[in-house]
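Notes for the one structure printed next.
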Amino acid sequence: MLDWIKVAGKLAYDRPTRERLLGYRPVVICLIQSLERDAFLFVQPAAGRGAWMPPQEGIPPNASVEEATSQCLNVELGVSRNQMHFRRSVWLGRKAIPERQGSRDVEFSIRPMQGKAYYGALSKVAEDTLITCNPAEVAGYEWMSMAEIRDRMTGNSDRKRELLRVLFAKLVQMEL
């Protein structure tokens, strides 16, 4: 009986678990802001084809958004938990996967994959922090001002540009 109460509580109060059960893969987009100035760390994914984005990571079952953010920064950029200052996270919304619904499974889901459920996380890092890119994940990185980010968005898909607009509006109240 106690196990069912725990499951019901998790469904009611843990949004990543609820999204996973509905067939959405929870993902955190890690917006990294400089401690010294108004700049953000963007990466070029290894399979990026010209795209520039903040690092992102799937949220494992039973992990918080903060834990997934810490894991993302460690795996992709070699930034440890004690080098980052987690500020906050926000819900960004769901995005269906066009023309591929049900093509991938979501662990512990009761439905085939419908899309991704996005969360945004804001962390601050000193610019002189040693960054070691994982070559399987990241082709390059750069600290960028808002003007530089706007210039680089041309290499991103419409879907990624819209996601970044929502991310900046909700996390740092800036218009991209």
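Note that the numbering runs from 1 along the sequence shown for the chain.
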Inset, instruction - For the residue pair Met84 and Thr69, establish whether any side-chain heavy-atom pair is separated by less than 4.5 Å. - result: yes
Inset, instruction - Report yes if the side chains of Arg15 and Tyr119 come closer than 4.5 Å at any heavy-atom pair, otherwise no. - result: yes
Legend entry - Residue pair Pro54 / Val43: nearest heavy atoms and the distance that separates them: C-CG2, 4.2 Å
Inset, instruction - Please confirm whether the backbone N or O of Pro135 pairs with a side-chain atom of Glu137, one donor and one acceptor, at under 3.5 Å? - result: no
Legend entry - salt bridge (charged side-chain N to carboxylate O under 4.0 Å, His left out) evaluation trace for Arg37 with Glu127: CA-CA 9 Å; Arg37 62 186 178 109; Glu127 283 189 48; 2.7 Å; yes
Inset, instruction - Go through the steps to decide whether Tyr118 and Gln56 satisfy the test side chain to side chain contact (heavy atoms under 4.5 Å, CB included), and finish with yes or no. - result: CA-CA 10 Å; Tyr118 288 99; Gln56 50 188 316; 4.0 Å; yes
Legend entry - Minimum heavy-atom distance between Arg94 and Tyr24, given as atom pair plus value: CD-CZ, 3.6 Å
Legend entry - Test log, rule side chain to side chain contact (heavy atoms under 4.5 Å, CB included), inputs Leu164 and Met153: CA-CA 9 Å; Leu164 286 175; Met153 290 302 98; 3.2 Å; yes
Legend entry - Basic-acidic side-chain contact under 4.0 Å: Glu162, Lys95: no
Legend entry - Joint hydrophobic cluster, Ile29 plus Trp91, side-chain heavy atoms closer than 4.5 Å: no
Inset, instruction - Consider only side-chain heavy atoms of I, L, V, M, F, W and Y, link residues closer than 4.5 Å, and tell whether Val172 and Leu92 are in one cluster. - result: yes
Inset, instruction - Establish whether Tyr141 and Met53 are linked, either directly or via other cluster members, by ILVMFWY side-chain heavy-atom contacts under 4.5 Å. - result: no
Inset, instruction - Run the numbers on Met144 and Trp52 for side chain to side chain contact (heavy atoms under 4.5 Å, CB included), then give the verdict. - result: CA-CA 10 Å; Met144 297 183 197; Trp52 284 91; 3.4 Å; yes
Inset, instruction - Without swapping roles, check the side chain of Gln173 against the backbone of Lys170 for a donor-acceptor pair under 3.5 Å. - result: yes
Inset, instruction - Mark yes or no for whether Arg88, through its side chain, and Leu171, through its backbone, hold a donor-acceptor pair below 3.5 Å. - result: yes
Inset, instruction - Evaluate whether atom CD of Glu175 has more than 12 neighbouring non-hydrogen atoms of other residues, nucleotides or ligands under 6.0 angstrom away. - result: no
Inset, instruction - Check whether Leu41 and Leu35 end up in the same hydrophobic cluster, where Ile, Leu, Val, Met, Phe, Trp and Tyr are linked by side-chain heavy atoms less than 4.5 Å apart. - result: no
Inset, instruction - Taking the side chain as every heavy atom from C-beta outward, state whether Cys30 and Leu73 have any pair of such atoms under 4.5 Å apart. - result: yes
Legend entry - Within-4.5 Å side-chain heavy-atom neighbours: Val79 and Leu130: no
Inset, instruction - Taking Glu67 for its side chain and Ser64 for its backbone only, find out whether a donor-acceptor pair lies under 3.5 Å. - result: yes
Inset, instruction - Please examine the side chains of Arg150 and Leu176, heavy atoms only from C-beta on, and report whether any two atoms are closer than 4.5 Å. - result: yes
Inset, instruction - May I ask you to test the Ile32-Pro55 pair for a side-chain heavy-atom distance under 4.5 Å? - result: yes
Inset, instruction - Go through the side-chain N and O atoms of Ser80 and Gln83 and say whether any donor and acceptor fall under 3.5 Å apart. - result: yes
Inset, instruction - Evaluate the side-chain proximity of Leu77 to Asn134: yes if any heavy-atom separation is below 4.5 Å, no if none is. - result: no
Legend entry - Shortest non-hydrogen contact from Leu31 toward Phe42: CD1-CE1, 4.4 Å
Inset, instruction - Determine, step by step, whether Val27 and Arg25 satisfy the side chain to side chain contact (heavy atoms under 4.5 Å, CB included) criterion, reporting the C-alpha distance in whole Å, the side-chain angles of both residues, the deciding distance to 0.1 Å, and the verdict. - result: CA-CA 6 Å; Val27 174; Arg25 181 175 180 246; 4.0 Å; yes
Legend entry - Co-membership, hydrophobic cluster, residues Val138 and Trp143, 4.5 Å side-chain: yes
Legend entry - Flag for Ser34-Glu36: side-chain donor and acceptor within less than 3.5 Å: yes
Legend entry - Least distance between heavy atoms, Ala121 atom then Val65 atom: CB-CG1, 4.3 Å
Inset, instruction - Could you tell me which non-hydrogen atom of Ile59 sits nearest to which non-hydrogen atom of Ala68, and how far apart they are? - result: CG1-CB, 3.8 Å
Legend entry - Minimum heavy-atom distance between Gln71 and Pro60, given as atom pair plus value: OE1-CG, 3.9 Å
Inset, instruction - Measure the shortest side-chain to side-chain distance between Phe40 and Met146 over non-hydrogen atoms and say whether it is less than 4.5 angstrom. - result: yes
